[in-house]
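Here the structure is a predicted model, which is why all the values come from computation and not from measurement. Residues take their numbers from the sequence shown, with the count starting at 1.
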Amino acid sequence: MRTKKIIHYMMLPFFASIFMGYSVHLNFRHKNVNSDLLLMNIDAMASKEWGKKFARKYSTTWNEGPFLNSFGQKYIYTYTQVDCDGDGVVDCEFDLNVSIDYL
């Protein structure tokens with residue numbers, strides 16, 4: 001019985017040190033993400049995006065129609081396109097959405 005108590009008291013610091021080590025690991029991993037983001041921002045400011053080299057994200061919307069379906073309902077297609085221009089650091093992916101709107 002006494003041996004079990006000693007083993008339990010020895011396990012408490014073991015698990016506490018594992019918990020603290022994992023907490024430190026998470027903290028350093030989070031700091032690295034922040035420093036990477038900071039370096040990317042410094043790089044973006046140093047690359048003269050405001051001059052001839054620029055980056056922008058733009059969206060274009062247009063309609064086609066009206067059309068008539070087999071049930072006699074009028075509808076139009078609405079297209080929305082998202083795209084990027086330039087050489088800078090812009091979080092952008094090409095996207096094309098199409099929606100059908102009934103009149």
Contacts of type side-chain hydrogen bond (donor to acceptor under 3.5 Å, both in side chains), residue [X], not counting sequence neighbours:
{"X": "D83", "value": "none"}
{"X": "Q73", "value": "N69"}
{"X": "T78", "value": "N63, D101"}

Linking I/L/V/M/F/W/Y whenever their side-chain heavy atoms sit closer than 4.5 Å, directly or via other members, would Y102 and F67 fall into one cluster?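 Y102 and F67: one cluster.
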Connecting only ILVMFWY residues whose side-chain heavy atoms lie within less than 4.5 Å of each other, what is the rest of V82's hydrophobic cluster?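 Listed partners: none, V82 stands alone.
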Should side-chain heavy atoms under 4.5 Å link Ile, Leu, Val, Met, Phe, Trp and Tyr, which residues sit in the same cluster as I7?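 The other cluster members (ILVMFWY side chains, heavy atoms under 4.5 Å, direct or chained) are M11, F14, F15, I18.
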Kindly write out the residues that satisfy side chain to side chain contact (heavy atoms under 4.5 Å, CB included) with L103, not counting sequence neighbours, or none if the list is empty.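 P66, K74, I76.
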Could you tell me which residues satisfy ring pair (Phe, Tyr, Trp, His ring centres under 6.0 Å) with Y79, sequence neighbours excluded, listed by chain and number?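 Result, ring pair (Phe, Tyr, Trp, His ring centres under 6.0 Å) vs Y79: W62.
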At their closest point, which heavy atom of L68 faces which heavy atom of Y75, and how far apart are they?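 L68 and Y75 have their closest heavy atoms at C-CE2, 4.0 Å.
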